[in-house]
Amino acid sequence: NENRVGLLSLPRDTLTITDEGKRAKLNSAYGRNGCGENGMDWTMTYVERTIGYRPDGYILVDMELVPKMVDLMGGVDVHLDHHIRVHTDGEEVYVPAGDAHLNGEEVLATLRYRYGYADADLGRVKVQRMVITECMKQWVNPLKLMKLPAALELIEEESLTDLTAGNFLWIGKTILGSMDHMTSDTLPGYADMMGGVSYYFLYPEDVAQLINDSYNPYKVEITSEDLDTAG
């Protein structure tokens with residue numbers, strides 16, 4: 001209703017507590033619940049506990065989709081503050097810092113790279129949101145509409161989602177009219193060790209405030225008591 005789009009990163013190491021009372025990282029919810037649709041359903045449950053409401057839909061992206069989609073859309077222009085160097089399948093992908101036009105494999109390498117950042121995975125998610133934002137800005141425009149059927153076909157083939165083609169069209173239309181009112185954040189917290197394992201601990205009150213300010217789609221505000229921050 002407010003014509004805003006937001007990209008919110010939930011760090012993969014976010015501390016959660018399983019139904020059995022054990023500590024677990026947020027990104028383990030998918031695998032430990034059998035992957036597939038059941039894994040995604042449980043992942044969404046833990047996301048709900050973390051941010052206070054359940055998102056309306058999900059898309060689980062196979063990494064093979066990324067280079068195919070980027071190349072289909074003609075690449076993407078970005079500015080990198082840090083060079084990217086990733087080795088996959090015996091081959092090196094290198095992207096120098098600065099302005100660059102990235103192809104599919106270079107975008108995938110950029111999304112995966114994290115070891116050179118001082119804050120490791122937190123640095124990576126900032127870059128991920130930047131790349132996604134640039135893709136949205138450069139791809140969601142009338143000149144790219146002719147590629148939409150092929151893009152939707154790729155998503156259907158290379159991802160698991162409970163969103164429909166109509167949902168994706170609505171999202172695209174919303175993005176087209178909302179790029180001037182866009183937010184980009186990581187859930188507030190800090191990284192630390194517990195029991196010899198690295199976790200990301202959330203600040204409950206700061207999380208609730210951020211959600212209410214920029215991401216809560218409902219009229220009723222979320223409080224820190226609504227969040228299972230596991231710590």
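Position 1 is the first residue of the sequence, and the numbers go up from there. If you're wondering where the values come from, they're calculated on a predicted model, not measured in any experiment.
Every pair passing ring-ring contact (aromatic ring centres under 6.0 Å, His included) that includes a residue from residues 31-55 is listed here, sequence neighbours excluded: Tyr53-Tyr218.
Scanning for salt bridge (Lys or Arg N to Asp or Glu O under 4.0 Å) contacts around Asp71 gives an empty result, with sequence neighbours left out. Annotation: side-chain contact (heavy atoms from CB on, under 4.5 Å) contacts of Ser159 (sequence neighbours excluded): Ile59, Leu65, Ile155, Thr161. Partners of His83 under the ring-ring contact (aromatic ring centres under 6.0 Å, His included) rule, at least two apart in sequence or in another chain, are Tyr94. Partners of Met182 according to the side-chain contact (heavy atoms from CB on, under 4.5 Å) rule, which considers only residues two or more places apart in sequence or in another chain, are Val5, Leu7, Thr133, Met136, Met179. Glu225 is linked by a salt bridge (Lys or Arg N to Asp or Glu O under 4.0 Å) to nothing, counting only residues two or more places apart in sequence or in another chain. For Tyr115, there are no ring-ring contact (aromatic ring centres under 6.0 Å, His included) partners, not counting sequence neighbours.
Clustering of Ile, Leu, Val, Met, Phe, Trp and Tyr by side-chain heavy atoms under 4.5 Å joins Met40 with Tyr30, Met44, Tyr58, Leu60, Leu160. Hydrophobic side-chain contacts under 4.5 Å tie Leu145 to no other Ile, Leu, Val, Met, Phe, Trp or Tyr residue.
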Using residues 121-131 as the side-chain source, report each donor-acceptor pair under 3.5 Å to any protein atom, sequence neighbours left out, with the distance given to one decimal.
unit_1, atom_1, unit_2, atom_2, d
Asp121, OD1, Arg124, NE, 2.9
Asp121, OD1, Arg124, NH2, 2.6
Arg124, NH1, Arg112, O, 2.7
Gln128, NE2, Leu111, O, 2.8
Arg129, NE, Ser184, OG, 2.6
Arg129, NH1, Ser9, OG, 2.8
Arg129, NH1, Asp185, O, 3.1
Arg129, NH1, Thr186, OG1, 2.8

Table please: side-chain donor-acceptor pairs of residues 197-209 below 3.5 Å, with sequence neighbours left out.
unit_1, atom_1, unit_2, atom_2, d
Tyr200, OH, Leu187, O, 2.6
Tyr200, OH, Gly189, N, 2.9
Tyr200, OH, Gly189, O, 3.4

Could you tabulate the donor-acceptor pairs under 3.5 Å formed by side-chain atoms of residues 166-177, not counting sequence neighbours?
unit_1, atom_1, unit_2, atom_2, d
Asn167, OD1, Thr164, N, 2.8
Asn167, OD1, Thr164, OG1, 3.2
Thr174, OG1, Trp170, O, 2.8

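Between Lys68 and Asp62 no salt bridge is recorded (no basic side-chain N to carboxylate O distance below 4.0 Å).
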